[in-house]
Amino acid sequence: QLVESGGGEVQVGGSLRLSCVASGFTVDSYPISWFRQAPGSARRGVACIWGSSGSTYYSPAAKGRFTISRDNAENTVYLQMDGLKPEDAATYYCARVPRGGNCNNAGFVEVWGQGALVTVSS
């Protein structure tokens, strides 16, 4: 199971940190991804962190502004979002991807969280 928290409303240029707490498995044993979905749009990958190595990947839209990290002791993955823009407004989902799977492809996801709504106001 994955449970997100930390969504909310923030002004343009502001920051939010999303949390994703895992249960039933450890976050350092699987790739964990963050996806987002705006109304009327497809669910798209934002960032992911690989289980064994801790290596990270960012979409072009997220690179330089978002940071994915994890706390193994808390079994939690975070998404720090800085410099938020109106186009970042979406529901953000954390997801578990199979080992060796494409962490940026929603079709590979094994487990989804319930989503956290992020609103960016000007």
(Q) Within this structure, what is the OG-CG distance for the pair Ser23 and Asn75, rounded to the nearest 0.5 Å? (A) 8.0 Å
(Q) Are there over 12 heavy-atom neighbours, none belonging to Arg44, within less than 6.0 Å of that residue's CZ? (A) no
Q.
Less than 4.5 Å apart, side chain to side chain, heavy atoms only: is that true for Asn72 and Val27?
A. yes
**Q.** Ser29 to Thr26 - nearest heavy-atom pair and separation
**A.** OG-O, 2.6 Å
Please set out all donor-acceptor pairs under 3.5 angstrom arising from side-chain atoms of residues 111-122, sequence neighbours excluded.
residue: Gln114; atom: OE1; partner: Glu4; partner atom: N; Å: 3.3
residue: Gln114; atom: NE2; partner: Glu4; partner atom: O; Å: 3.0
residue: Ser121; atom: OG; partner: Glu9; partner atom: OE2; Å: 3.4

(Q) Applying a strict under-4.5 Å side-chain criterion to I, L, V, M, F, W and Y, I'd like to know whether Val97 and Ile49 cluster together. (A) no
Q.
Evaluate Arg36 against Tyr93 for side-chain contact (heavy atoms from CB on, under 4.5 Å), listing each step before the verdict.
A. CA-CA 6 Å; Arg36 69 185 183 187; Tyr93 299 88; over 6 Å; no
**Q.** Pi-cation contact, Phe25 with Arg96 (under 6.0 Å, within 45°)
**A.** yes
Q) What closest approach, in Å, do Ala90 and Ala38 show between heavy atoms, and which atom pair accounts for it? A) CB-N, 3.8 Å
Q.
Taking Val77 as the starting point, is it possible to reach Val109 by hopping between hydrophobic residues whose side chains are less than 4.5 Å apart?
A. no
Q: Measure the shortest side-chain to side-chain distance between Tyr57 and Trp50 over non-hydrogen atoms and say whether it is less than 4.5 angstrom.
A: yes
Q | Thr67 and Leu79: CA distance, side-chain angles, deciding distance, side-chain contact (heavy atoms from CB on, under 4.5 Å) verdict | A | CA-CA 6 Å; Thr67 304; Leu79 185 67; over 6 Å; no
Q: Run the numbers on Ile68 and Phe66 for side-chain contact (heavy atoms from CB on, under 4.5 Å), then give the verdict.
A: CA-CA 7 Å; Ile68 189 170; Phe66 294 5; over 6 Å; no
Q) Do Tyr92 and Phe35 make the cut of ring centroids closer than 6.0 angstrom? A) no
Q. Going from CD on Glu110 to CZ on Arg99, what distance comes out if it is rounded to the nearest 0.5 angstrom?
A. 8.5 Å
Q) What closest approach, in Å, do Cys48 and Ser33 show between heavy atoms, and which atom pair accounts for it? A) CB-OG, 3.1 Å
Q: Check Asp88 against Arg65 and note the closest heavy-atom contact, atom names and distance.
A: OD2-NH1, 2.7 Å
Q: To the nearest 0.5 Å, tell me how far Cys94 SG sits from Ile32 CD1.
A: 7.0 Å
Under 3.5 Å, sequence neighbours excluded: what are the donor-acceptor pairs made by side chains of residues 11-22?
residue: Ser15; atom: OG; partner: Asp82; partner atom: OD1; Å: 2.7

